Each structure stands twice: as structure tokens, then as C-alpha cells.
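Each residue takes its place number in the sequence, starting with 1. None of these values were measured; they are calculated from a predicted model.
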Amino acid sequence: MIAVLKHDASPERTEMLIEWLKKQGLGVHVSQGEYTTVLGLIGNTKNVDMDMLRSLDIVESVTRVTDPFKAVNRKFHPDDSVIPIGNAGLTLGGGSFGLIAGPCSVECCDQIVGVAQRVKLAGANMLRGGSFKPRTSPYDFQGLGGEGIRLLLEAKKATGLPIVTEIMDIRTLDLFEDVDVIQVGARNTQNFDLLKELGKTNKPILLKRGLAGTIKELLMSAEYIIASGNENVILCERGIRTYESTYTRNTLDLSAVPVLKELTHLPVVVDPSHATGRASLVGSMALAAVAAGADGLMIEVHNDPIHALSDGAQSLTPDAFDDLAKRIFKIREALV
């Protein structure tokens with residue numbers, strides 16, 4: 001249920017109403033806009049007297065929300081969420097664009113620091129790199145684990161770039177204390193125990209869409225995190241499984257970007273690298289994602305893709321990323 005308050009509702013009367021609603025056993029999500037205040041009521045609202053609420057002189061309107069996702073719903077939070085990243089004033093969403101770049105896997109200090117320096121010069125404002133790698137084959141490179149996070153922090157120290165890396169097991173959460181953005185990969189999108197634990201942190205969570213996940217399922221996964229207390233969630237469209245598997249790794253669902261922007265206030269990032277699986281396709285899909293309204297991009301960049309320990313086929317060289325970044329910023333300028 002949503003209660004929209006009148007623009008002249010006093011803070012004292014608003015607080016009294018919120019306290020009364022909480023005493024009814026409801027969770028109250030407050031969205032303070034420039035002109036209106038929206039109270040999102042979460043819980044069993046069947047016994048709430050809508051007519052009584054409407055009769056209050058500070059209430060403009062009351063409506064029921066039938067969507068199963070509440071806290072992530074744009075109806076509950078009309079304005080775009082702006083997610084703080086790190087401690088340097090960087091934000092994502094609400095007009096702030098995130099360009100996240102780096103290798104699929106952290107391999108050594110020279111590699112990750114060198115790539116970090118190059119992508120920063122090209123305009124990236126976050127560094128990605130996998131320390132724990134979920135691989136289909138148990139014989140493939142599984143990442144450096146905690147050592148990979150240490151090397152990412154070395155790259156952050158050298159460049160100032162906030163770091164983004166994936167968590168696979170909640171038992172390793174203590175290793176992520178200095179990580180700026182925790183990524184939840186496609187295979188863990190519906191690991192609800194993990195999502196609930198991440199909801200108890202205050203770190204930004206970059207939540208990827210599942211391999212065959214619907215938009216609704218992605219939003220419900222985000223709901224788990226926010227319902228557990230952490231509102232700093234970033235959604236990521238990274239391609240889904242379809243009948244096509246010969247010429248692309250997955251199918252990039254760019255229609256998900258405007259759909260998600262209609263349904264939710266959360267920022268939406270696109271990963272064209274995992275979506276296509278081919279470096280030659282990453283540039284065009286990245287530009288299309290920007291044109292579709294994405295709040296950011298996540299692009300894999302490796303200093304030596306041919307010899308990469310994972311996903312070299314979809315990784316751009318630093319020079320190719322330089323060229324792509326210039327085109328990305330031109331598209332961004334054209335949209336303003």
C-alpha cells in the first residue's frame with residue numbers, strides 16, 4: 001500500500017502517522033521527494049482502513065500495490081536511487097554514470113595494476129576483477145581468492161579506483177571489508193540465504209540477472225536484499241540463455257533496461273562482455289545499452305586476452321577500451 005502525503009504535511013504530523021502505522025505491525029518505507037513524501041507500507045495491509053487514511057488532512061492519496069516486489073518498486077520510491085560508491089564522493093544512478101572495467105580474473109599484481117591504470121586513463125571510474133570465480137568445469141582457474149582481493153586493493157591504492165568483485169560464499173564476507181561494491185553473480189542471483197546476509201551490510205551490491213531469470217525474479221532477488229536492510233542495490237543485465245548459443249554466449253536483453261527503469265528506482269548496469277562472449281560484439285552492445293538508458297556499463301579488459309586465464313575471448317585490450325570509452329562518452333553527451 002502507498003500513502004502519498006500532501007506537500008504541506010508538517011514533519012511532526014508525518015512522524016506521528018509513521019509511528020501509528022508501525023504500531024499496526026507494518027514496515028514503513030519513506031521516500032522524501034522534492035514536492036511529495038511517499039510512505040510505502042510493507043506487511044499485511046489487509047486490515048488497514050484505506051478510507052480512514054484518505055480522510056486524514058495530511059494525506060493526498062492511498063492506493064494498493066499488487067506487485068509482489070515492494071521496496072524496489074518505483075511506486076514506493078518515485079525518484080531514482082543514487083548509490084554512493086566508496087568514500088570519494090562517487091555515485092551511481094540518478095544521472096551519475098558508472099563505467100566499470102577490468103579483467104575477468106585477477107591473475108597477478110602487474111596485470112591488475114597495469115589494467116587499472118589504463119582503464120582509469122580511458123575514463124573508467126570503477127575497477128572490476130574476479131577473485132573468486134564460479135566456473136562450469138572444476139578444472140578451470142578458480143581465482144586467487146583472498147590474495148586476489150589483496151591485489152585489487154593494491155590496484156585501488158595505485159589508481160584510486162573503487163573496486164568491484166564477486167562473492168560466492170557468505171563465509172568469506174570478512175574478506176570483503178575493504179571492497180567497495182560486492183557483486184552477486186548470475187549463478188547466485190537466487191541464493192536467498194546469501195542475499196539476506198548481504199542485506200545486513202551497508203555495502204553497494206551489484207546484483208546480476210540469473211542465467212534464465214525473468215525480470216520479476218531479478219526484482220524479487222533485489223527485494224530480499226532491501227527487505228533485510230540494505231538499500232544500496234544496483235541491478236545488472238548480463239544476458240540470458242535463449243535458443244541462440246552458437247554465435248553469442250548469451251542473448252543480451254536490452255529491452256530489460258527501459259522495463260526496469262519503469263518498474264524500479266534502482267540503477268541498471270549492463271554487462272555486454274558476458275552477454276555476447278565475443279570481444280568484437282562488446283562495443284556495439286555497450287553503445288546500444290547507453291542509448292537504451294543504462295546507468296552504467298561493466299566491461300572486461302585484459303592486457304593480454306589471448307593468454308587470459310578466464311574469458312579472454314570476450315575481453316577488450318586496453319587500446320580497444322580507450323576507443324570504446326570515447327564513443328560511450330559521445331553517446332552520453334548526445335543523450336543529455
Side-chain angles (χ1 to χ4, degrees), residues 1-83 92-95 189-190 192 195-196 199 205 207 209 213-237 253 255-268 292-295:
M1 183 180 291
I2 294 173
V4 179
L5 305 188
K6 294 179 179 177
H7 71 278
D8 58 352
S10 69
E12 295 78 16
R13 295 288 305 281
T14 299
E15 189 59 34
M16 287 176 62
L17 176 58
I18 292 172
E19 288 302 315
W20 181 83
L21 290 168
K22 287 181 177 178
K23 289 179 180 178
Q24 310 308 306
L26 300 174
V28 182
H29 183 279
V30 182
S31 176
Q32 183 70 56
E34 186 176 354
Y35 301 107
T36 60
T37 298
V38 177
L39 304 183
L41 312 184
I42 302 172
N44 185 4
T45 61
K46 293 180 180 179
N47 296 325
V48 176
D49 189 336
M50 293 179 66
D51 291 332
M52 186 277 292
L53 269 182
R54 288 192 186 100
S55 70
L56 298 177
D57 58 7
I58 66 169
V59 175
E60 183 72 38
S61 64
V62 180
T63 56
R64 290 197 182 276
V65 176
T66 57
D67 297 318
F69 46 91
K70 310 297 181 184
V72 307
N73 202 310
R74 188 172 285 280
K75 295 173 184 175
F76 272 51
H77 192 301
D79 297 326
D80 290 342
S81 283
V82 178
I83 309 299
L92 196 154
T189 301
Q190 291 185 305
F192 300 125
L195 300 181
K196 286 188 283 188
I205 308 299
L207 178 66
R209 186 177 179 180
T214 65
I215 290 174
K216 178 180 175 181
E217 287 169 338
L218 175 61
L219 291 172
M220 292 306 297
S221 293
E223 190 82 8
Y224 265 95
I225 299 171
I226 295 180
S228 298
N230 185 358
E231 297 185 355
N232 297 314
V233 179
I234 303 161
L235 304 176
C236 182
E237 164 58 40
D253 181 11
S255 67
V257 176
V259 171
L260 287 168
K261 300 293 280 185
E262 285 183 0
L263 293 173
T264 181
H265 52 91
L266 300 176
V268 181
D295 296 292

**Message:** Rounded at 0.5 Å granularity, tell me how far CG in Asp80 sits from NE2 in His265.
**Reply:** 9.5 Å

**Prompt:** Is a side-chain donor or acceptor of Gln24 paired with a backbone partner of Trp20 at a separation under 3.5 angstrom?
**Reply:** yes

**Asked** If every non-hydrogen atom of Val233 is compared with every non-hydrogen atom of Ala222, which pair is closest and at what distance?
**Response** CG1-CB, 4.1 Å

**Flag if over 12 foreign heavy atoms under 6.0 Å of CE, Met50** = yes

**Message:** Just verifying a value: how many Å separate Glu12 CD and Met16 CE, rounded to the nearest 0.5 Å?
**Reply:** 10.0 Å

**Request:** For the pair Arg64 (side chain) and Thr45 (backbone), establish whether a donor and an acceptor sit closer than 3.5 Å, ignoring hydrogens and angles.
**Result:** yes

**Request:** Apply the test side chain to side chain contact (heavy atoms under 4.5 Å, CB included) to residues Met1 and Val48: give CA-CA distance (whole Å), side-chain angles for both, the deciding distance (0.1 Å), then the verdict.
**Result:** CA-CA 9 Å; Met1 183 180 291; Val48 176; 3.9 Å; yes

**Asked** Is a side-chain donor or acceptor of Lys70 paired with a backbone partner of Val65 at a separation under 3.5 angstrom?
**Response** yes

**Side-chain heavy atoms of Leu219 within contact of Leu235, under 4.5 Å** = yes

**Item:** More than 12 heavy atoms of other groups within 6.0 Å of Tyr224 OH
**Value:** no

**Asked** From Gln32 CD over to His77 NE2, what is the distance, rounded to the nearest 0.5 angstrom?
**Response** 10.5 Å

**Message:** Taking Val257's backbone N and O only, do any of them form a donor-acceptor pair with Glu237's side chain (distance below 3.5 Å, no angle check)?
**Reply:** no

**Asked** When rounded to the nearest 0.5 angstrom, what is the spacing between CG in Asn232 and CD1 in Ile226?
**Response** 8.5 Å

**Item:** Euclidean distance, Ser255 OG relative to Leu260 CG, rounded to 0.5 Å
**Value:** 9.0 Å

**Request:** Report yes if some heavy atom in the side chain of Val59 is under 4.5 Å from a heavy atom in the side chain of Val4; otherwise report no.
**Result:** no

**Asked** Quick one: are Leu207 and Ile234 in side-chain contact, heavy atoms under 4.5 Å?
**Response** no

**Request:** Decide yes or no for Val82 and Leu92: does some side-chain heavy atom of the first lie under 4.5 Å from some side-chain heavy atom of the second?
**Result:** no

**Complete:** Here the pair of heavy atoms bringing Ser31 nearest to Phe76 is CB-O, 3.4 Å

**Message:** Going by the rule salt bridge (charged side-chain N to carboxylate O under 4.0 Å, His left out), which residues pair with Asp57 if we only count those two or more places apart in sequence or in a different chain?
**Reply:** Arg13

**Request:** Indicate the atoms forming the closest heavy-atom contact of Leu263 with Phe69, along with that distance.
**Result:** O-CE1, 4.3 Å

**Prompt:** Would Arg209 and Asp253 pass as an ion pair if we require N to O under 4.0 Å?
**Reply:** yes

**Message:** Measuring only between side-chain heavy atoms, which start at C-beta, is Ile2 closer than 4.5 Å to Leu41?
**Reply:** no

**Prompt:** Can you check whether Ala9's main-chain N or O pairs, donor with acceptor, with His7's side chain at less than 3.5 Å?
**Reply:** no

**Message:** Treating Thr264 as the side-chain partner and Val72 as the backbone partner, does any N or O pair qualify as donor plus acceptor under 3.5 Å?
**Reply:** yes

**Item:** Derivation of the side chain to side chain donor-acceptor pair (under 3.5 Å) call for Arg54 and Ser61
**Value:** CA-CA 6 Å; Arg54 288 192 186 100; Ser61 64; over 6 Å; no

**Pro258 versus Ala292, closest heavy-atom pair with distance** = CD-O, 4.1 Å

**Item:** Backbone of Thr214 reached by a side-chain donor or acceptor of Glu217 within 3.5 Å
**Value:** yes

**Any donor-acceptor N/O pair, Asp295 side chain to Val268 backbone, under 3.5 Å** = yes

**Asked** Going by heavy atoms in the side chains, are Asp49 and Leu53 under 4.5 Å from each other?
**Response** no

**Prompt:** Is Glu60 close to Thr36 at the side-chain level, that is, under 4.5 Å between some pair of heavy atoms?
**Reply:** no

**Prompt:** Considering all heavy atoms of both residues, which atom of Arg74 and which atom of Asp79 are nearest to each other, and what is their separation?
**Reply:** NH1-C, 4.0 Å

**Message:** Within this structure, what is the CD-CD1 distance for the pair Glu231 and Ile205, rounded to the nearest 0.5 Å?
**Reply:** 13.0 Å

**Step-by-step side chain to side chain contact (heavy atoms under 4.5 Å, CB included) determination, Asp67 to Lys75** = CA-CA 10 Å; Asp67 297 318; Lys75 295 173 184 175; 3.7 Å; yes

**Message:** Just so I know, are the side chains of Leu17 and Leu5 near enough to count as touching, which here means a heavy-atom distance under 4.5 Å?
**Reply:** yes

